[in-house]
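So the structure is just underneath, and the comments pick up after that.
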Amino acid sequence: MSGLRARPARAAMWTVLQQEGVEHLASHAVADMREPLRSQVNLASGPLPASALLEISPVDLLSLGLVNLACCTTNVSGVDYDEALSLATTFLAIGARTVIGSLWWVPSGRATAHLMYMFYRHLDDGLPAAEALRQAQLWMLDPGRVLPDDMPDTLRAMPPAAEFSEEQVECWAGFTPLGR
């Protein structure tokens, strides 16, 4: 990937990261286990590699709160000496307090959308991010779960991911918290 192709994504991300609050990236991501710095989030404006994120703030940490990487393989690290480097740990390195990342490919569809809705609902109730995610995952495990009355109709009507059902834990259990 050339530096020129990544430049629009870097500029867009820099603008977003300068804002306070929760950063939610629902996108595709690719983990490069041999060269973790080449792992990237694929934004609409172009790929955003871990190396570009680390260039954003080489000295001063950004004051990020929660970064939710609702993308595939964002918490998968390298296999060599860079085994601690993933897209999720990259966000910790540039100043995020808490990062939610995924350990594997997560199909897009109703299960992930419902998990994220419940996660943010628990955050709004005042739970810390790790506990909010845990409660949302426990809700997904419950075969008798009921959709909350305040869930938007668009989420209620979403189709399931192709070839998967919400009962399959691989659709939503790969999300893990890092940080505090």
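- Looking at D124 and R121, their side chains never come closer than 4.5 Å, going by heavy atoms from C-beta outward.
- Side-chain contact between W139 and H114: present, with at least one pair of heavy atoms (C-beta onward) separated by less than 4.5 Å.
- Judged as a salt bridge (Lys or Arg N to Asp or Glu O under 4.0 Å), and not counting sequence neighbours, the contacts of R134 are E131.
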Atom pairs and distances, side-chain donor-acceptor, residues 173-180, under 3.5 Å, sequence neighbours left out:
residue: T176; atom: OG1; partner: N75; partner atom: ND2; Å: 2.8

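- Evaluation of the side chain to side chain donor-acceptor pair (under 3.5 Å) rule for Q137 yields no partner, not counting sequence neighbours.
- Two residues are said to be in side-chain contact when any heavy atoms from C-beta on lie closer than 4.5 Å; L123 and L66 meet this criterion.
- Residues A96 and V67 come closest through the heavy atom pair CB-CG2, 3.8 Å.
- Atom CG of residue L127 and atom CD of residue Q135 lie 6.5 Å apart, to the nearest 0.5 angstrom.
- For residues 87-101, every residue pair satisfying the side chain to side chain donor-acceptor pair (under 3.5 Å) rule, not counting sequence neighbours, is listed here: S86-T89.
- Listed by chain and residue number, H122 satisfy the side chain to side chain contact (heavy atoms under 4.5 Å, CB included) test with D125 (two or more places apart in sequence, or in another chain).
- By the 4.5 Å heavy-atom criterion applied to side chains, F91 and I100 are not counted as neighbours.
- Here the shortest heavy-atom pairing between M140 and A111 reads CE-O, 3.6 Å.
- In this structure, L54 and A93 approach most closely via the heavy-atom pair CD2-CB, 4.0 Å.
- Taking every heavy atom of both residues into account, P49 and Q40 meet most closely at CA-CB, 3.7 Å.
- Nearest heavy-atom pair, A113 versus M158, reported as atom, atom and distance to 0.1 Å: CB-SD, 3.4 Å.
- Hydrophobic clustering, with ILVMFWY side chains joined whenever heavy atoms are under 4.5 angstrom apart, keeps L87 apart from V30.
- Among residues two or more places apart in sequence or in another chain, the side chain to side chain donor-acceptor pair (under 3.5 Å) test is passed with D142 by none.
- At least one side-chain heavy atom of Y117 sits less than 4.5 Å from a side-chain heavy atom of D150.
- One finds the CH2 atom of W172 at 10.0 Å from the CG atom of L133 (value rounded to the nearest 0.5 Å).
- Atoms CG and CG, from L43 and L48 in turn, are 5.5 Å apart once rounded to the nearest 0.5 Å.
- For the pair L155/L147, no side-chain contact is recorded, criterion being any heavy-atom separation below 4.5 Å from C-beta on.
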